[in-house]
Amino acid sequence: MRGGASGTWAGERRITDILYDAMYEGITICDLKLGVEIVCRRVEEAVKEGAQIVVLSDRNISRYRLAVPSLLAVSAVFKWLSDRGLSNRVSLVVETGEARDTHHMACLIGYGASAVYPYLMYELIYELCQKGEIKTTYEQALFNYKKALEDGLLKIMSKMGISTLNSYQGARIFDTVCLNRDFVEEYFPGTPATLESDGIFEVQESLLIRHDAGFETEKPELDYGGDMKFRKGGQWHAWSPFVVRALHKFLETGDYNDYREFSRIANEEHPAFIRHLLDYRRSDEPVPLEEVEPVESILRRFVTGGMSLGALSPEAHEVLAEACNRLGMKSNSGEGGEDPARYWTIKNSAIKQVASGRFGVTPTYLASATDIEIKIAQGAKPGEGGRPPGKKVNEYIAKLRHARLASPSYHPHPTTTYTPSALAQLINDLKEANPTAKVCVKLVAETGVGTVAAGVAKAYADIIQISG
C-alpha cells in the first residue's frame with residue numbers, strides 16, 4: 001500500500017516519505033535541516049502508534065518535493081529514535097532510487113537500515129532486459145544483481161572480522177571524507193571526522209543541483225561523471241591521460257624541463273591529495289652542508305612497498321630487490337613468496353612479509369630475512385591481498401606460493417583474523433624461526449590506531465608500521 005506525506009497503515013508496517021516541500025505558499029524554502037526533522041517526527045509518530053516496520057521511501061519525489069538523501073535520512077532517524085528510546089521497537093527499511101552498489105548498501109545498513117529496496121535499479125535492469133542489452137531473463141538478471149550485492153556485503157563485513165549482518169547494522173564503522181564535524185556529530189554520531197569541508201548547506205546545494213537537473217529538461221539523462229574511469233570534463237583523476245603522457249615524455253627524453261612540466265601538471269594543475277593543500281615554509285638561511293646527512297645514511301631508512309611476486313613480474317620483483325640491496329635500502333617481498341634461488345644473494349628481499357602459510361612462507365623464507373613483516377591490515381586495498389587475477393597466475397607463481405594452479409579462492413583475508421594472543425604467539429614463533437630478524441607489524445592509519453598499536457607493542461613487536 002502507498003501513502004502520502006505521513007504514510008498509510010499496512011498492518012504493523014508504515015510507509016513514510018523522506019520528502020519535504022521545496023516551496024510553501026509560493027515561497028521557495030528548500031530547508032534540508034527542516035526536512036530531516038520533519039522525516040524524523042513522522043517516523044517517531046508512526047512508532048508511537050505501533051508501527052514495527054517503517055519504510056523510508058523517496059518514490060514520490062516531484063518537481064516541488066525534494067528527497068532527503070537516503071543515508072542522511074536513515075542515520076538521522078536512527079539517532080532520533082535512539083535518543084528517545086524507540087530504536088529497538090522498529091525496523092527501518094529504505095526504499096530508494098539512490099542506492100546502486102555494495103558501498104551504498106553497506107552505508108545504509110551500517111547506519112541503521114534493516115533492509116534496502118533499490119527500486120530504481122530493479123526498474124533499470126528490467127528495461128535493459130527488455131531492450132536486449134542484458135542477454136538473460138529479468139528473473140536471472142535480478143538474481144545475479146542480488147547475489148553480487150550479497151557477496152559484496154559479505155566481503156565488506158569480513159574485512160572487519162564481522163560475520164553476521166546484525167553485528168554490522170547500525171555499527172557506524174565508517175570514516176567521513178570532507179564533512180564538517182558539527183554536521184557529522186548531529187547526524188552521524190560516533191563517526192570520525194578528520195578532514196572537514198562540507199556541512200548541511202553544502203549537502204543541500206548539491207542535492208538541489210541534482211534535483212533540478214532531473215526536472216529542468218524534457219529527457220533527463222544521468223551524467224556519466226567519470227568517477228571510475230577518466231572522462232573528459234568529468235571527475236579529476238590523479239593519473240589522467242595527459243599526466244601519464246607528460247611522465248612518458250620525461251622518461252623518454254630524460255630532459256629536466258620535461259620533468260618540471262610533468263611535476264607542474266601532477267602537483268599544481270588540480271589539487272587531488274591532502275599534500276596539495278600544504279605549503280612549504282622557506283628558511284631564511286640555507287642549512288649548512290655539513291649538517292646534512294650523507295645520501296648513504298638517508299637511503300638506509302628507505303624501504304619499498306610490499307608488492308608480491310605475481311602482482312609484479314619476476315623480473316621487476318628481482319630488479320627492485322637488487323637495486324635496494326645495492327643502494328643500502330630494504331625491499332619488501334610482499335606476501336607472494338620468493339624464489340629460494342634468490343635467498344642470501346644480491347636479489348634477496350630483506351623484508352619478508354607474512355600473511356598466511358598459503359603464500360610461500362617456509363622456514364628458509366623466514367631465515368633469509370632481515371625484517372619480518374606481519375600484515376594485520378592492508379594499506380592500499382583493504383582485505384584484497386594475495387589474490388592476483390587468474391590470468392596472472394602461472395606454474396611459477398603457484399610453485400612459489402605452494403598453491404594449486406589457480407588464484408586463491410575467496411574467503412575472509414587471513415590478516416583480519418588475529419586476536420591479541422594469536423598475534424603475540426605468531427611474533428614469538430617468528431623470532432624462534434629467525435632470532436636475528438626484527439618483527440614488524442603493519443597497521444593502517446585511522447582513528448583509534450594508537451590503541452591497537454599499544455597492544456601490538458605489548459605483544460613484543462620490534463617495529464610498528466603505520467601505513468596510509
Side-chain angles (χ1 to χ4, degrees), residues 251 254 256 259 263 267 273-275 278 280-281 283 286-309 311-355 359-380 385 415 426-427 430-445 449-450 453-454 456-457 459-468:
L251 293 173
Y256 182 61
Y259 170 75
S263 179
N267 293 315
F273 302 100
I274 296 175
R275 66 173 181 267
L278 304 177
Y280 296 98
R281 188 170 57 197
S283 174
V287 177
L289 193 59
E290 57 271 15
E291 294 182 15
V292 179
E293 284 188 80
V295 64
E296 295 83 5
S297 175
I298 296 173
L299 282 174
R300 279 201 296 267
R301 298 197 292 271
F302 278 44
V303 298
T304 64
M307 295 175 284
S308 64
L309 206 164
L312 296 181
S313 67
E315 296 81 3
H317 204 268
E318 291 178 16
V319 164
L320 281 171
E322 182 172 346
C324 288
N325 289 330
R326 290 184 183 277
L327 292 168
M329 300 164 51
K330 291 180 181 178
S331 66
N332 190 320
S333 68
E335 60 175 317
E338 192 170 290
D339 194 331
R342 292 167 53 184
Y343 297 163
W344 295 289
T345 71
I346 194 69
K347 296 181 179 181
N348 181 57
S349 292
I351 304 173
K352 295 295 198 292
Q353 204 171 71
V354 177
F359 297 147
V361 178
T362 66
T364 316
Y365 173 85
L366 298 175
S368 66
T370 303
D371 292 359
I372 301 173
E373 182 180 273
I374 303 169
K375 274 202 316 189
I376 292 298
Q378 299 274 3
T415 60
L426 177 59
I427 291 173
L430 294 177
K431 289 186 175 184
E432 291 287 338
N434 187 342
T436 63
K438 292 182 177 179
V439 176
C440 168
V441 176
K442 179 181 178 183
L443 306 176
V444 168
V449 70
V456 171
Y460 297 107
D462 299 299
I463 302 168
I464 298 173
Q465 177 188 342
I466 307 295
S467 179

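If you're wondering where the values come from, they're calculated on a predicted model, not measured in any experiment.
For Arg275, there are no salt bridge (charged side-chain N to carboxylate O under 4.0 Å, His left out) partners, not counting sequence neighbours. Taking the side-chain hydrogen bond (donor to acceptor under 3.5 Å, both in side chains) definition, one finds that Asp339 meets it with Tyr396, sequence neighbours left out. Among residues two or more places apart in sequence or in another chain, the side-chain hydrogen bond (donor to acceptor under 3.5 Å, both in side chains) test is passed with Ser263 by Asn267. Residues satisfying the side-chain hydrogen bond (donor to acceptor under 3.5 Å, both in side chains) test with Glu293, not counting sequence neighbours, are Ser297, Arg301. Considering only residues two or more places apart in sequence or on other chains, Gln465 meets the side-chain hydrogen bond (donor to acceptor under 3.5 Å, both in side chains) condition with none of them.
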Run the numbers on Arg342 and Thr345 for side-chain contact (heavy atoms from CB on, under 4.5 Å), then give the verdict. CA-CA 6 Å; Arg342 292 167 53 184; Thr345 71; 4.3 Å; yes
Could you walk me through whether Ile374 and Val456 pass side-chain contact (heavy atoms from CB on, under 4.5 Å), step by step? CA-CA 11 Å; Ile374 303 169; Val456 171; over 6 Å; no
Evaluate the side-chain contact (heavy atoms from CB on, under 4.5 Å) criterion for residues Leu426 and Leu430: first the C-alpha distance (whole Å), next the side-chain angles of each, then the deciding distance (0.1 Å), finally the verdict.
-> CA-CA 6 Å; Leu426 177 59; Leu430 294 177; 4.1 Å; yes
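Between Thr364 and Trp344, some side-chain heavy-atom pair lies under the 4.5 Å cut-off. You'll find the side chain of Val287 reaches within 4.5 Å of the side chain of Val292, heavy atoms only. Residues Ser331 and His317 have side chains not in contact (no heavy-atom distance under 4.5 Å, counting atoms from C-beta outward).
Residues in residues 362-374 take part in these salt bridge (charged side-chain N to carboxylate O under 4.0 Å, His left out) pairs, two or more places apart or across chains: Lys330-Asp371.
Taking each heavy atom of Asp462 and Lys438 in turn, the nearest pair found is OD2-CA, 3.5 Å. Between Ile298 and Phe302, the shortest heavy-atom contact is O-CD1, 3.4 Å. The shortest heavy-atom contact between Ser308 and Glu335 is CB-N, 3.8 Å. Between Glu432 and Pro435, the shortest heavy-atom contact is O-CD, 4.0 Å. Heavy atoms only, all atoms of each residue included: Ala433 and Leu366 are closest at CB-CD1, 3.8 Å. Of all heavy-atom pairs spanning Ile466 and Val444, the tightest one is CG2-C, 4.4 Å.
Not a single donor-acceptor pair under 3.5 Å links the side chain of Lys442 to the backbone N or O of Gln353.
Within 6.0 Å of OH on Tyr259 lie no more than 12 heavy atoms contributed by other residues, nucleotides or ligands. Within 6.0 Å of the CG atom in Leu278, the count of heavy atoms belonging to other residues, nucleotides or ligands exceeds 12.
For the residue pair Glu338 / Ser333, no side-chain donor-acceptor distance below 3.5 Å is found, with atom types taken as modelled.
For Glu296 and Arg300, the salt-bridge test fails: no basic side-chain N is under 4.0 Å from an acidic carboxylate O.
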